[in-house]
Protein chains: 2
Amino acid sequence: MDQSDQPTERESELELPNKSAVPISLVTIKAACSQCSLHELCLSEGLSKEELAKLDILVGARRKLKRQQSLYRVGDTFEALYAVRTGFFKTDILLEDGRDQVTGFQMAGEILGMDGIGGGAHSCNAVALEDSEVCVIPFSQLEQLSREIQTLQHNFHKVMSRELVRDQGLMMLLGTMRAEERLAAFLLNMSQRFTARGYSAAEFHLRMTREEIGSYLGLKLETVSRAFSRFQEEGLIAVQQKHIRILDGEGLKRLLNHQPR
Amino acid sequence: MDQSDQPTERESELELPNKSAVPISLVTIKAACSQCSLHELCLSEGLSKEELAKLDILVGARRKLKRQQSLYRVGDTFEALYAVRTGFFKTDILLEDGRDQVTGFQMAGEILGMDGIGGGAHSCNAVALEDSEVCVIPFSQLEQLSREIQTLQHNFHKVMSRELVRDQGLMMLLGTMRAEERLAAFLLNMSQRFTARGYSAAEFHLRMTREEIGSYLGLKLETVSRAFSRFQEEGLIAVQQKHIRILDGEGLKRLLNHQPR
DNA sequence: TTATCGTATTGACATGGATCAAAGCGACCA
DNA sequence: TGGTCGCTTTGATCCATGTCAATACGATAA
């Protein structure tokens, strides 16, 4: 089986010394931003050695989650942000009538939980789509430290702002694009994010179901499935369940731009 | 003509001493957060007298915009945030092929420009939908001051976070709701925001066209128009061009929740 | 090996909203 | 006062996607 989406060298850096299964999910090992390979994606970019050391102290613990476990739920008191260390998450909102909307998929180096700052409680659910690990960043301490360290402050602001821009892109997608454009945009986005993490741009394993993709893209799962099949027929991609190989990235990009309107 | 959406007492507080038309749009009068009636909506909530004074110094100038004038455009270098003082704005993104998506409507007390922090340049356009005035908040100075004033720092983080939550709501709307639900949600949201500013909850003047509403809601202008007509037939609202009167707010809310799916 | 369950694919058909087109309405200007 | 222009409303038709249903696939467990 092809494992092109597993960059082994990085993986070793992230490995915990203790591999035995721990029954409690809150592990008290220091996260050590200073050692982390996700620097440039996370909050610690551009920090000096001393500043990194302070951040290390702040990031108190890691938390492991099994597949399908919730990191937080709607209404949970907001206390901390979470940096994805390994694994894959989705965030979603559930309406009373059962409709739900996946609002994002998060992978290593991305920050979860910022939705809770404004109201003191989380406004969405965050669920691990595979066994995962996050760094816990107590928020009041982050605010305190970012009053000391200008670079950290600015990094955090950038992270939030980029999230706003990402949301704008998703609104554009949901508001104006047709089904195949949406899926093409989704695949290209995934590819680009995997690339940024040292994985293959052309071949990857989707951690979410068709239904979750559909929810994210504002489509029904059948429509997602049909679009996948169509892309395959047209030689743009090779699909085998959750395993995707992009054969013609340019073709996908073309789908995005000159659409009939 | 009914002017129920104009709270005259507040208006007087916000009046400039100099009413003559100024040809330049960048006016060098101090904004004076300490005097502003939009406290609780803006960044200055909970600040002490001394802290407010510092914020006053920071907020260097106001800027006036005529209807249809841009506050900033995609690609403009990011330098400042803007607090809407009076008037009404939209933000939108334009695709090469002409499609565009309105990503938000902003009214008094709301902050514009946060999209620019992450990338150093603005990622959307901000356009005044009526003659408007904003407070200019140079961003690096805001960061500096919010390193000094914890409350200011936290207020700013709350503002950004609430924007993220707003975006989530819009994703839910765009991803899962049908046309009439979307319009009902839009009207209730407008009503709620006007109320928070001391205007009538039941009667207001929309500053945007049907096309702009449609773009925001992911619908065509004809669909928006038809939904308005339908609501009127059903006695939920009275529409006269851009003037809206809500006759049955509960009825609108009912539309939102138990939808057939 | 076979049974089961969640997930994915595919087909047939229904429908909500888009599209195209024609009036209607109001504001502004000459 | 009439004319123009931007915006809105309304009707007729079309089509992309949703809905419903059957089947297939793959992983896991017995």
Side-chain angles (χ1 to χ4, degrees), chain A residues 1 66-68 90 97-102 127 129-131 173-184 186 205-234 237-244 255 259-261, chain B residues 1 66-68 90 97-102 127 129-131 173-184 186 205-234 237-244 255 259-261:
Chain A
M1 197 163 292
K66 292 251 162 252
R67 196 171 117 80
Q68 304 292 25
K90 72 168 177 184
D97 58 14
R99 286 182 287 187
D100 81 317
Q101 174 73 24
V102 171
V127 181
L129 293 184
E130 59 180 17
D131 293 1
L173 179 146
L174 291 168
T176 74
M177 294 186 184
R178 331 160 103 273
E180 296 193 359
E181 288 182 274
R182 294 184 196 198
L183 190 65
F186 170 75
H205 192 81
L206 295 174
R207 273 72 173 179
M208 69 293 281
T209 65
R210 299 287 187 264
E211 186 167 21
E212 287 163 334
I213 297 172
S215 169
Y216 181 62
L217 300 177
L219 301 169
K220 291 294 159 186
L221 67 96
E222 294 93 331
T223 306
V224 173
S225 180
R226 277 186 245 272
F228 270 126
S229 301
R230 179 80 82 93
F231 286 177
Q232 178 149 261
E233 280 166 29
E234 287 166 356
I237 62 174
V239 196
Q240 211 170 3
Q241 302 280 112
K242 294 193 157 90
H243 191 87
I244 304 290
L255 267 184
Q259 222 18 236
R261 194 175 10 161
Chain B
M1 195 160 295
K66 293 251 164 250
R67 195 171 115 82
Q68 302 292 27
K90 71 168 177 185
D97 58 15
R99 285 181 289 186
D100 80 318
Q101 174 74 23
V102 170
V127 182
L129 293 183
E130 62 181 16
D131 293 2
L173 180 146
L174 291 169
T176 74
M177 294 186 184
R178 336 160 100 277
E180 295 193 359
E181 288 183 272
R182 294 184 196 198
L183 191 65
F186 170 76
H205 192 82
L206 295 174
R207 271 73 174 180
M208 69 294 281
T209 65
R210 300 286 187 263
E211 186 168 18
E212 286 163 334
I213 296 172
S215 170
Y216 181 63
L217 300 178
L219 302 169
K220 291 293 158 186
L221 67 97
E222 294 94 330
T223 305
V224 172
S225 180
R226 277 185 246 271
F228 270 126
S229 301
R230 178 80 81 92
F231 285 176
Q232 178 149 262
E233 281 166 29
E234 287 167 357
I237 61 173
V239 196
Q240 211 169 7
Q241 303 280 114
K242 294 193 157 88
H243 191 87
I244 305 289
L255 266 184
Q259 224 15 237
R261 190 166 24 149

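Below, read A as the first sequence line, B as the second, and so on, with proteins coming before strands; counting in each chain starts at 1. No experiment lies behind these values; they were computed from the predicted model shown.
- Counting to the nearest Å, the C1' atom of dA18(C) and the CD atom of Glu181(A) are 15 Å from each other.
- For the pair His243(B) NE2 and dA27(C) P, the computed distance is 13 Å after rounding to whole Å.
- Taking the side-chain contact (heavy atoms from CB on, under 4.5 Å) definition, one finds that Ser225(A) meets it with nothing, sequence neighbours left out.
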Test side chain to side chain contact (heavy atoms under 4.5 Å, CB included) applied to Met208(A) and Tyr216(A), step by step | CA-CA 10 Å; Met208(A) 69 293 281; Tyr216(A) 181 62; over 6 Å; no

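- Distance Leu219(B) CG to dT8(D) P: 15 Å, rounded to the nearest Å.
- Here the C1' atom of nucleotide dG17(C) and the CZ atom of Arg178(B) are 10 Å apart, to the nearest Å.
- Take Glu211(B) and apply the salt bridge (charged side-chain N to carboxylate O under 4.0 Å, His left out) test, not counting sequence neighbours, and it matches no residue.
- Gly214(B) comes within 4.0 angstrom of no nucleic acid atom, judged by non-hydrogen atoms across all strands.
- Taken from CD in Glu234(A) to CD in Glu180(A), the straight-line distance is 6.0 Å, to the nearest 0.5 Å.
- Remark: C1' of dG17(C) and CG of Leu183(B) are 14 Å apart, rounded to the nearest angstrom.
- Straight-line distance from the CZ atom of Arg207(A) to the P atom of dT7(C): 17 Å, rounded to whole Å.
- For Lys220(A), taking side-chain heavy atoms from C-beta onward, the closest of the listed nucleotides dT19(D), dG17(C), dT19(C) is dT19(D).
- Glu222(B) meets the salt bridge (charged side-chain N to carboxylate O under 4.0 Å, His left out) test with no other residue; sequence neighbours excluded.
- More than 12 heavy atoms of other residues, nucleotides or ligands sit less than 6.0 Å from atom CD of Gln68(A).
- Rounding to whole angstrom units, CD of residue Gln68(A) and P of dC5(C) are separated by 18 Å.
- For the pair Ile213(A) and Leu183(A), the minimum side-chain heavy-atom distance is below 4.5 Å.
- Relative to the axis of its first five pairs, the axis of the last five pairs of the helix from dT1(C)-dA30(D) to dA30(C)-dT1(D) sits at 30°, rounded to 10 degrees.
- For Ser215(A) (side chain) and Asp100(A) (main-chain N/O), a donor-acceptor pair under 3.5 Å exists by modelled atom type.
- Rounded to an integer number of Å, the gap from Arg230(A) CZ to dT17(D) C1' is 12 Å.
- The side-chain contact (heavy atoms from CB on, under 4.5 Å) search around Arg67(A) returns Asp131(A), not counting sequence neighbours.
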Please list, for nucleotides 8-11 of chain C, all pairs of protein and nucleotide N/O atoms separated by less than 3.5 Å.
from: dA8(C); atom 1: OP2; to: Arg210(A); atom 2: N; distance (Å): 2.8
from: dT9(C); atom 1: OP1; to: Arg210(A); atom 2: NH2; distance (Å): 3.3
from: dT9(C); atom 1: OP2; to: Arg210(A); atom 2: NE; distance (Å): 2.8
from: dT9(C); atom 1: OP2; to: Ser225(A); atom 2: OG; distance (Å): 2.8
from: dT9(C); atom 1: O5'; to: Ser225(A); atom 2: OG; distance (Å): 3.2
from: dT10(C); atom 1: OP2; to: Ser229(A); atom 2: OG; distance (Å): 2.5
from: dG11(C); atom 1: N7; to: Arg226(A); atom 2: NH1; distance (Å): 2.9
from: dG11(C); atom 1: O6; to: Arg226(A); atom 2: NH2; distance (Å): 3.1

